[in-house]
Structures are given as structure tokens and as C-alpha cells.
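Notes to accompany the following structure.
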Amino acid sequence: MEDSYRFFENRACRYFPCHEGLSDFNCLFCYCPLYGRIPCPGTPEFVRKPDGTVIKKCTGCTFPHRPENYERIMRLLKPSASGAAPIPEPFHGGTGGADSLDFSVSVNPLGMPGTVRAALAGLAERGSCYPDYHCAALRAALSRRYGLPSGMICVGNGASELIALAVAAIAPRTALLLAPTFSGYERALAARHTELAFCPLRREEQFSFGGRFATEFFVLLQKQPDMVFLCQPNNPTGTCMEPELLHEIARRCEQQGTFLVVDECFLGFVRGAERLSARRLLVSYRHVLVIDAATKLYAIPGIRLGWGFGSDMLLARMRQLQPEWSVSEAAQLAGLAALQDESYLGMTLAAVEAGRNFLAEELGKLSCTVYPGQANFLLWTAPRNIAEQLRRADVCVRSCAGFRGLGACDYRIAVRPAPENQRLVVAVREALGAC
């Protein structure tokens, strides 16, 4: 075997140059300083032992010995804090007050399933016990539902915790995001001083993933960011990426060692979700992480529950970084009960489609521009800023002024029950008439 390990000089090591002048050396840290790193940017093999444990085998990997990788290795070992961008403040909600009719929070218009309400009714009797730290029962139920080993599943305190855990586990120096998209990705990455690049979704192309977007995205991907975040469907635009494009992005990310995180928290509201899901990519690609949550689909934002699917090595590292008892007994019970209610999902799709079609048609009649989203919310643009008028009418919508590429006349609204949707249309009509 070629002695390529001699060419890696870890100048960040306080003992360097311990091997200066030697013709041979066998320093494990210099041979592969990333050996203990999970996930690993190299090309190791993962071998499952008879007892079920997975070990890392690096015999055929030359990643740390190639000079073109030295700079990246140093960044992975010691992420720079220089030039850190400010961490965005978390924001959730809209333009109205606490008593407003709330269209700013995009949860299931059917409300919490009856199975979940029944499960939580007896929670007081179990409140004195610690929850299962490993979420074994819930992970087993998710394993049965999605046909994935429980080792490829991580349960967390909502999608936000899983996003933060993924960023902490990967420690990216650079990342690529969409614009506009959910601000939680940027917040998690800014906390790690990650350098960010943004690929715009264009208003003139109705914020779709076609047109100029795909070309520009692959140009940015050639710069080999350590991490990429996609949202399927995207929030706040509601647009979905076709499976062929998603597959090609995953393939290129795998080739260059970029971790691809796909947020599917709203995908349960989209008809044909299974065809659009990135879960099918997990069999072929170890650099893909899929994040989902019960928060939106089962209308339990106060319970906080989400789950991630990915390689067992990545999720093992995420679980190591997870705070103790982050998934409460209530959350685990709610998750188990929600997964048992199959009819609820069918009723959800019907209600969301009817409500979304009604809102799109009626807002279009009011000279508003409505973008063709597929989720349980709609992005639309009013002819002028009507935030103050809606506030006075006690109707709360999500102002999109804080999203990259959007402005003060852009709003996101949730699909609510029919009487509430009708009230929103009336409020918008009156607000535009009063301007």
C-alpha cells in the first residue's frame, strides 16, 4: 500500500512536528484525525457485528491523506468563529394579538386526533415517572410504519431540536440554503458560525424548483458545502420538488460528502407524499437526513414531537448530543396514538385541499396574487400592505417581511375550517376596500 499517510501534516496538533525527519511514523492522530468523527466525510465502510453493533472500517479510505482535503479537515476539527453572522431571533406568529383568529400557525385544521386526546387524558397517572430515554416503543412504531430499522430513527423535541442536533453532529463550516425558506435552519447554522450561501426561488417563476433555480443550485453545489437544507414542501412558498431533481441533488451530495437534510414536516398534507419523500433515498445514500414532525400534521405544537431518518452512524451521534429526557412522556404517548389513526390522514387531505382551493380562488378575486402551493398553507401577495387593517379585524396572518426575498405585502395563511376561511376572505376584502 502506498504510504500516503506520510503526506498529511496536522499542523494544528500541539505536538507537531513530532515526526520531523523520520522516514516512517505511526501516529494514529496523524494517520486519520477524523477516525472518531461521526459522521465522517471520508469513505469508510460500516460493518455490523453479530451482536448488532456497527463499527467503522477505514482500510480503503484515503480522504485524510489527499492534500486537497487538508483545509476541510482543519475546519472540521476546529470550526472557525471568525466572521460569525448574528443569530436570527426565532419568530413565530403573525400580525394580530393573542385573541385573534389565528391563520399564522399552520397546523391541521381538523385539530388534534381523537386517539391522541384519549391517550393524553390519563397522563396525570404517569406524570411521576421518567419517560423512556430511548423512545423505544415510539421508534419501533415508526420503524413498522416506514419500513426502516429503529437504529435509523431519532426521536426529538420537535423538528427544531432535530435540526439543531444535525448541525451540531455535522459541525458544517459551509452550508447552502434556499431563499425564502424556514428561518430555523439559518438560526441553527449561525449558532455554529457556519458560512451560508443562498439559492433564490424566484417570484417570477412562482417560487418553483424549476427554471433558473435548478441551474443555479447545482452551480452552488459544486462549491462543495458541508451541509444543504431543503424543505419539502418549502415553507413559506408551499412548493414541492420533483423526485427526479431531489434524487440528483442527493446523488451529487453523496459523491462529494455533502450532508443533505430534507425537512418534510408539511409533506403529510400533500397528496402523493410517498412519491415526493426523500425517505426512499436512505437505502442508497448515507449523507441524507430526513426530518419530520407530529407538530403540524397532528395539531400538537404544544406537545413538541419530531423524528429524523438517516444513517445509523449519524443518528447515533445526534442521540449522543441530545439532552436527557428531551422527549416527554406526553409526547411519546401522543406519537404512539397518532400513528394508530389511519383515517385521520385521509380526512386531513380532503379538508386541506377544499380549504386551500377556496382561499386561492377567493383571494384571487380580490386582486391578490396567490402562489400555487401544495401544503396546508398559502403564500399570497396583497396589492398593498394591509397588516394594520387585519390586526384591527382580529385576524392574525403571518407577515413574510422577515423572509429573504419577500416583503411587507407578502403573507402566509394557514388553511383553517371553512367558517374561519370565509371570515378571513371578508377581512381581506374589507381591508383592501378601506385602503
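Note: hydrogens, waters and symmetry copies are ignored here, and every other heavy atom, side chains too, is used.
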**Request:** Tell me, with the steps shown, if Leu148 and Leu142 meet side chain to side chain contact (heavy atoms under 4.5 Å, CB included).
**Result:** CA-CA 8 Å; Leu148 293 169; Leu142 289 165; over 6 Å; no

Heavy-atom side-chain contact between [X] and [Y] under 4.5 Å:
| X | Y | answer |
| --- | --- | --- |
| Glu362 | Val428 | no |
| Met241 | Leu230 | yes |
| Arg404 | Leu177 | no |
| Leu305 | Leu138 | yes |
| Phe358 | Val415 | no |
| Leu201 | Arg212 | no |

**Request:** Taking ring-ring contact (aromatic ring centres under 6.0 Å, His included) as the test, write out the residues that go with Phe377, two or more places apart.
**Result:** Phe266

**Message:** Checking His247 now: which residues fulfil ring-ring contact (aromatic ring centres under 6.0 Å, His included) with it, not counting sequence neighbours?
**Reply:** Tyr285

Check whether any side-chain N or O of [X] sits under 3.5 Å from a backbone N or O of [Y] as a donor-acceptor pair, and report yes or no.
| X | Y | answer |
| --- | --- | --- |
| Gln322 | Val155 | yes |
| Arg304 | Gly156 | no |
| Thr239 | Ser208 | no |
| Asp132 | Ala136 | yes |
| Gln232 | Leu267 | no |
| Arg356 | Ala375 | yes |
| Asn157 | Ser326 | yes |
| Tyr411 | Ile386 | yes |
| Thr194 | Pro172 | yes |
| Glu242 | Gly210 | no |

**Message:** Strictly by salt bridge (charged side-chain N to carboxylate O under 4.0 Å, His left out), give each pair with a member in residues 107-118 just once, sequence neighbours left out.
**Reply:** none

**Message:** By the salt bridge (charged side-chain N to carboxylate O under 4.0 Å, His left out) test, which pairs, at least two apart or in different chains, include something from residues 163-172?
**Reply:** none

Under the rule for salt bridge (charged side-chain N to carboxylate O under 4.0 Å, His left out), what residues qualify as partners of [X], not counting sequence neighbours?
| X | value |
| --- | --- |
| Arg202 | Glu204, Glu216 |
| Glu342 | Arg145 |
| Glu324 | none |

Between [X] and [Y], is any side-chain donor less than 3.5 angstrom from a side-chain acceptor?
| X | Y | result |
| --- | --- | --- |
| Asn235 | Thr237 | no |
| Arg317 | Gln320 | yes |
| Thr181 | Asn234 | yes |
| Asn108 | Tyr344 | yes |

Nearest-0.5 Å distance, [atom1] of residue [X] to [atom2] of residue [Y]:
| X | Y | atom1 | atom2 | value |
| --- | --- | --- | --- | --- |
| His287 | Asp226 | NE2 | CG | 10.0 Å |
| Phe309 | Ile153 | CZ | CD1 | 5.5 Å |
| Asp341 | Leu339 | CG | CG | 10.0 Å |

Partner residues of [X] under the side-chain contact (heavy atoms from CB on, under 4.5 Å) criterion, sequence neighbours left out:
| X | answer |
| --- | --- |
| Pro372 | Gln206 |
| Thr215 | none |
| Leu406 | Pro180, Arg203, Phe207, Pro236, Leu379, Cys400, Phe403, Asp410 |

**Asked** Between Trp380 and Leu359, does a side chain to side chain contact (heavy atoms under 4.5 Å, CB included) hold up when you go through it step by step?
**Response** CA-CA 10 Å; Trp380 55 284; Leu359 288 169; over 6 Å; no

**Message:** One thing to verify: whether Arg251 and Glu254 come together as a salt bridge, which I'm taking to mean a side-chain N less than 4.0 angstrom from a carboxylate O.
**Reply:** no

**Item:** All pairs passing ring-ring contact (aromatic ring centres under 6.0 Å, His included) where residues 317-340 contributes a residue, at least two apart
**Value:** Tyr130-Trp325, Tyr133-Trp325

**Request:** Apply side chain to side chain contact (heavy atoms under 4.5 Å, CB included) to Leu245 and Phe218, showing your working.
**Result:** CA-CA 10 Å; Leu245 177 57; Phe218 285 120; 3.7 Å; yes

**Complete:** Applied to residues 261-274, the side chain to side chain donor-acceptor pair (under 3.5 Å) test, sequence neighbours excluded, yields Tyr185-Asp263, Glu264-Ser277, Arg271-Glu353, Glu274-Arg279

